Protein chains: 2
Amino acid sequence: MSDFEAFPELDRLVHEPGRLAIAAVLNAVDQADFLFLLKQTGLTRGNLSSHTAKLEAAGYIDIEKTFVEKVPRTVYRLTPAGQKALNRYRRHMRKVLEALED
Amino acid sequence: MSDFEAFPELDRLVHEPGRLAIAAVLNAVDQADFLFLLKQTGLTRGNLSSHTAKLEAAGYIDIEKTFVEKVPRTVYRLTPAGQKALNRYRRHMRKVLEALED
DNA sequence: CAAACCGGTTTGTATTACAAACTCAGTGTA
DNA sequence: TACACTGAGTTTGTAATACAAACCGGTTTG
């Protein structure tokens, strides 16, 4: 039998569906601004804001605020630590799914 | 690009790692008692109790309390609804992982 | 100049996951 | 008979979330 004990060790920061979506988008496009993330993830602005704040606090993404033609523009990017975390999560979740196949 | 919007639609009842472990064990062995689940999932007794209660409330498992030689024995089993939910979750999560591969 | 809009952030609330404390029956054991 | 002790769960208290609604500072539009 598989080691089901490992299930609860999933990185909950990444595991949360909203944040997983954010991470997945950033992983795919390398860099994105607020509106793009909003559209892609389907989150509300409030949730997007707080989730990105949490990911930043964990060092998984970094947030760069600039102005383009006097309009604020925030760009989000996965950090190396974030990529690692995402890869770990992916491996971990793949095992979980395998355990579910049997 | 994948439909990251679908990420947040993951069934959170199943998504929670502790409950996912419970469901996975029950899926594998078809039936288990409290102590067995406890060992396999690595959860504490309190958490195991409340997670199973939640799964039961959702109709995903059923809980049968019996006495064996005057000693209480509780047996947990995945219901058809629970199996369906688990399968849905599996498919959903597989897509999520695929979206992460690209 | 006021109203709407954009790009977010803060706040309030309801849910939750967790562990510690509790319950209650049966089992030594003196 | 009394008295810990264990085994099998459940209840309770608390801290952490996730969520949406309200807010806010600038900017464009009417």
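Quick caveat, the model's predicted, so the values are computed rather than measured.
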Point to revise | Separation of atom CZ in B/Phe34 from atom P in D/dG7, rounded to whole Å | key: 13 Å
Check your understanding: Roughly how many Å is it from CD1 in B/Ile22 to P in C/dA17, rounded to a whole number?
Key -> 11 Å
Check your understanding: More 5' along DNA chain C: B/Arg12 or A/Val75, using each one's nearest nucleotide?
Key -> A/Val75
Review point. For B/Gly59, does its backbone N or O pair with a side-chain atom of B/Thr79 as donor and acceptor, under 3.5 Å?
Key: yes
**Study point:** Pair A/Glu56 + A/Arg77: basic N to acidic O under 4.0 Å
**Key:** no
Point to revise | Candidate nucleotides C/dG7, D/dT11, D/dA18, ranked by approach to the side chain of A/Arg19 - the nearest | key: D/dA18
Review point. Whole-Å distance between D/dA22 P and A/Asn47 CG?
Key: 15 Å
Check your understanding: Is there a path from A/Val75 to A/Leu43 through hydrophobic residues (I, L, V, M, F, W, Y) whose side chains come within less than 4.5 Å of each other?
Key -> no
Check your understanding: What orientation do A/Tyr76 and A/Phe34 show, parallel under 30°, tilted 30 to 60°, or perpendicular over 60°?
Key -> tilted
Practice item. Let me know the distance between CD of B/Glu16 and P of D/dA16, rounded to the nearest Å. Key: 17 Å
**Study point:** Whole angstrom value for the distance that separates C1' of D/dA20 from CG of A/Leu38
**Key:** 13 Å
Taking N or O atoms only and anything under 3.5 Å, show me the protein contacts with nucleotides 26-30 of chain D, one pair per line.
from, atom 1, to, atom 2, distance (Å)
D/dT27, OP1, A/Lys70, O, 3.2

Review point. Which of the following nucleotides, C/dT16, C/dG7, C/dC22, is nearest to the side chain of B/Lys54?
Key: C/dT16
Practice item. Would you mind classifying the nucleic acid contact of B/Leu48 as base, sugar-phosphate or nothing, using non-hydrogen atoms under 4.0 angstrom? Key: nothing
Practice item. Tell me whether A/Ile63 is reachable from A/Ile22 by hopping between hydrophobic residues (I, L, V, M, F, W, Y) whose side-chain heavy atoms are closer than 4.5 Å. Key: yes
Practice item. Check whether any side-chain N or O of A/Asp11 sits under 3.5 Å from a backbone N or O of A/Leu13 as a donor-acceptor pair, and report yes or no. Key: yes
Practice item. Let me know the distance between CZ of A/Phe36 and C1' of C/dC6, rounded to the nearest Å. Key: 19 Å
Study note, to complete from the structure: CG (B/Leu48) and OG1 (B/Thr74) are apart, to the nearest 0.5 Å, by 10.0 Å
Check your understanding: Between C/dA25 and B/Lys65, is there an OP1 or OP2 to side-chain N/O distance shorter than 4.0 Å?
Key -> no
Review point. Measuring from A/Phe7:CZ to B/Arg19:CZ, what's the distance to the nearest 0.5 Å?
Key: 14.0 Å
Exercise for review: Give A/Leu43 one of three labels, base, sugar-phosphate or nothing, depending on what nucleic acid heavy atoms sit under 4.0 Å from its own.
Suggested key: nothing
Review point. For B/Leu13 and A/Thr52, take the nucleotide of DNA chain C holding the closest heavy atom to each; which residue's nucleotide lies nearer the 5' end?
Key: A/Thr52
Check your understanding: Whole-Å distance between C/dT16 P and B/Leu20 CG?
Key -> 17 Å
Practice item. From the options D/dG9, D/dA8, C/dA19, select the nucleotide whose nearest atom is closest to the side chain of B/Thr44. Key: C/dA19
Study note, to complete from the structure: B/His15 atom NE2 is separated from C/dA17 atom C1', nearest whole Å, by 14 Å
Review point. When you match B/Leu35 and A/Gly46 each to their closest nucleotide on DNA chain D, which lands nearer the 5' end?
Key: B/Leu35
Exercise for review: Could you work out which one of D/dG9, C/dG7, C/dC18 sits closest to the side chain of B/His51?
Suggested key: C/dC18
